**Student:** 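Handing you a structure now.
Every number for a ligand or one of its atoms is a count from 1 in the order of the listing. On a predicted model such as this, the values are computed, not experimentally measured, just so you know.
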Amino acid sequence: MKKVGLIGWRGLVGSVLLKRMQQEDDFKKAKYYYFSTSNPNTEVVIHGNNYLLKDANSIWHLAEMDIILTCQGSSYTNSIYDELRNNGWQGYWIDASSAKRMHDDSIIALDPVNKEALICALDNGIKNFIGGNCSITLSLLGLNSLFKENLVEWCSMMTYQAASGAGAAYVRELLSQVKYLSDNLDFNNNANTLNVIENAHKVLSSEDFPKQQFCVPLLGNIIPWIDTDLMNGSSKEEWKGEVELNKILGLSTSKDYIKVDGLCIRVSSLRSHSAAITFKLKKNLSLEELEAIIKKSNPWINFIANNKESSIHHLSPIATSESLKIAVGRLKKLNIGENLYSVLTVGDQLLWGAAEPLRRMLNILLQRS
Ligand code: NAP
């Protein structure tokens with residue numbers, strides 16, 4: 001049986017991964033070892049079994065694994081990966097972080113979209129399989145057939161990303177903001193509403209308001225920047241949209257390269273990212289034709305009719321959280337130019353946006369060996 005080392009299993013992506021692996025009975029398929037960066041050599045109970053945590057910073061412990069699956073983050077990958085390979089480790093590296101995504105010796109794993117490329121990469125000796133950016137993965141999977149049929153000329157993506165997309169500490173901070181506001185707001189039903197809003201604003205703006213992680217309140221607010229500042233007007237999260245989409249579709253050096261740009265915004269949803277996408281098609285299609293293409297051979301979407309009732313109930317972070325289905329809706333033709341359309345995709349960024357492609361990649365590797 002293959003030895004699989006799991007790193008970052010305590011984090012949000014790791015926790016969702018373990019849950020999915022248990023649901024799919026994956027633990028039978030290999031021998032699993034749990035690693036920790038913060039508490040090596042301690043005993044833990046996972047799914048009723050006792051494990052002694054291995055040291056995630058020990059090259060020797062890591063080198064014993066046939067496959068390493070890490071959800072620990074980019075800093076960890078940057079600190080350990082090269083040293084591990086330089087010590088001769090030949091195993092497979094599966095990673096949720098962006099550290100190696102754009103490297104030539106890595107492929108982005110999203111098998112419903114690029115399974116053939118993944119198999120081809122394996123045949124060609126590629127050993128690094130990296131999960132894609134959560135927003136781009138969800139939108140790409142939601143609109144898979146549209147991209148596969150080479151219909152899209154360009155797209156503009158405006159994302160509304162959940163607090164949990166930033167990790168466990170951040171979503172906890174959002175919830176502590178909710179508690180702080182509720183504990184400190186003088187709110188009774190008879191109070192003048194403008195006074196209540198002004199009081200709430202005071203609480204949100206107070207020095208003691210919990211904001212160590214996000215730096216600013218997320219509750220009652222939006223944060224119009226995700227990831228680092230590329231110093232050219234764009235955030236790294238926005239840059240990832242174009243380069244990763246084209247890498248996944250195998251178009252990075254193709255004449256069919258798709259231009260993608262937009263703004264990535266953190267909002268106070270707990271879980272599930274949304275992307276409002278404006279796209280230009282290479283030809284004019286009716287909405288009926290477009291809907292048929294989007295639905296074609298895609299078991300992972302829930303197509304939501306473009307009306308108020310369906311949209312507010314089924315096209316939202318709350319409606320899609322904990323589901324493997326990506327809601328695709330608000331499909332309409334825009335009246336501002338030729339062949340321009342809008343669509344909203346909403347999906348659980350911890351499932352298809354992070355853990356699920358990694359779990360499936362692990363299964364592909366285990367099935368081959
Ligand atoms: P996370 O929740 O912050 O967990 C990462 C690590 O932080 C854990 O493995 C744990 O390591 C440590 N940690 C510190 N405090 C913790 C706490 N209170 N609860 C749990 N763990 C804590 O990060 P994540 O969101 O899972 O993201 C992991 C990687 O996946 C990142 O590279 C991220 O960019 C990527 N990713 C995330 C998402 C998402 O939606 N969150 C989506 C796509 C990709 P130790 O146990 O070793 O201390």
**Student:** Without hydrogens or angle criteria, can the side chains of S235 and E237 be said to hold a donor-acceptor pair below 3.5 Å?
**Tutor:** no
**Student:** What is the ring orientation for F279 with Y341, classed by angle as parallel under 30°, tilted 30 to 60°, or perpendicular over 60°?
**Tutor:** parallel
**Student:** Under 4.0 Å from a heavy atom of S97: give me the atoms of ligand 1 that qualify, with their elements.
**Tutor:** 32 (O)
**Student:** So if I count the atoms of ligand 1 from 1 in the order they appear, which ones are less than 4.0 Å from some heavy atom of C134?
**Tutor:** 42 (C), 43 (C)
**Student:** Regarding D105 and K127, does a basic nitrogen lie under 4.0 Å from an acidic carboxylate oxygen?
**Tutor:** no
**Student:** Considering the heavy atoms of L350, write down every atom of ligand 1 situated less than 4.0 Å from one of them.
**Tutor:** 39 (C), 40 (O), 41 (N)
**Student:** Write out the residue and atom name of the closest protein heavy atom to atom 4 (O) of ligand 1, then the distance separating them to 0.1 Å.
**Tutor:** G11 CA, 3.2 Å
**Student:** Answer yes if the side chains of S97 and D95 hold a donor-acceptor pair under 3.5 Å, and no otherwise.
**Tutor:** yes
**Student:** Using a 4.0 Å cutoff against the non-hydrogen atoms of G353, which atoms of ligand 1 qualify?
**Tutor:** 42 (C), 43 (C)
**Student:** Has ligand 1 got any nitrogen or oxygen that is less than 3.5 angstrom from a nitrogen or oxygen of Q349?
**Tutor:** yes
**Student:** Considering only heavy atoms, does C71 approach ligand 1 within less than 4.0 Å through its side chain, its backbone, both, or neither?
**Tutor:** backbone
**Student:** Could you see which bit of A169 sits under 4.0 Å from ligand 1, with heavy atoms only: side chain, backbone, both or neither?
**Tutor:** neither
**Student:** For A168, counting its heavy atoms only, list the atoms of ligand 1 lying under 4.0 Å from any of them.
**Tutor:** 1 (P), 2 (O), 3 (O), 17 (C), 19 (N), 20 (C)
**Student:** Any idea which heavy atoms bring Q177 and V216 closest together, and the distance?
**Tutor:** NE2-O, 3.9 Å
**Student:** Indicate yes or no: does an N/O atom of W9 lie under 3.5 Å from an N/O atom of ligand 1?
**Tutor:** no
**Student:** Could you establish whether S36 and ligand 1 come within less than 4.0 Å of each other, counting only heavy atoms on the residue side?
**Tutor:** yes
**Student:** Specify whether F129 and Y92 have parallel, tilted or perpendicular ring planes, treating 30° as the upper limit for parallel and 60° as the lower limit for perpendicular.
**Tutor:** tilted
**Student:** Could you check whether E173 pairs with K211 (Lys NZ or Arg NE/NH1/NH2 to Asp/Glu carboxylate O, under 4.0 Å)?
**Tutor:** no
**Student:** For atom 41 (N) of ligand 1, what is the closest protein heavy atom, and at what distance to 0.1 Å?
**Tutor:** S164 O, 3.0 Å
**Student:** For atom 47 (O) of ligand 1, which protein heavy atom lies nearest, and how many Å away is it?
**Tutor:** T37 OG1, 2.6 Å
**Student:** Please say whether L12 places an N or O atom under 3.5 Å from an N or O atom belonging to ligand 1.
**Tutor:** yes
**Student:** Give the residue, atom name and distance (to 0.1 Å) of the protein heavy atom nearest atom 30 (O) of ligand 1.
**Tutor:** A96 CB, 3.4 Å
**Student:** Hey, is K100 close enough to D82 for a salt bridge, meaning N to O under 4.0 Å?
**Tutor:** no
**Student:** Considering non-hydrogen atoms of the protein only, which is the closest contact for atom 25 (O) of ligand 1, and what is the distance?
**Tutor:** G167 CA, 3.2 Å
**Student:** Under 3.5 Å, is there a donor-acceptor pair linking the side chains of S272 and T320?
**Tutor:** yes
**Student:** Can an N or O of V13 be found at a distance shorter than 3.5 Å from an N or O of ligand 1?
**Tutor:** yes
**Student:** Please list the nearest protein heavy atom to atom 42 (C) of ligand 1 with its residue and the distance rounded to 0.1 Å.
**Tutor:** A354 CB, 3.5 Å
**Student:** Charged N to carboxylate O under 4.0 angstrom, D256 versus K282?
**Tutor:** yes
**Student:** Is R359 paired with E356 through a side-chain N to carboxylate O contact shorter than 4.0 Å?
**Tutor:** yes
**Student:** Going by atom types alone, do N284 and K333 pair a side-chain donor with an acceptor below 3.5 Å?
**Tutor:** yes
**Student:** Who gets closest to atom 48 (O) of ligand 1 by heavy atom: S38, S98, G73, G165?
**Tutor:** S38
**Student:** I need the single residue from I7, L18, L52 that forms a side chain to side chain contact (heavy atoms under 4.5 Å, CB included) with Y34. Which is it?
**Tutor:** L18
**Student:** Suppose I only count heavy atoms of G8 and a 4.0 Å limit; which atoms of ligand 1 are within that range?
**Tutor:** 9 (O)
**Student:** Determine, counting only non-hydrogen atoms of the protein, whether one lies under 4.0 angstrom from atom 33 (C) of ligand 1.
**Tutor:** no
**Student:** Counting heavy atoms only, which of R10, Q161, Q72, R271 is nearest atom 11 (O) of ligand 1?
**Tutor:** Q72
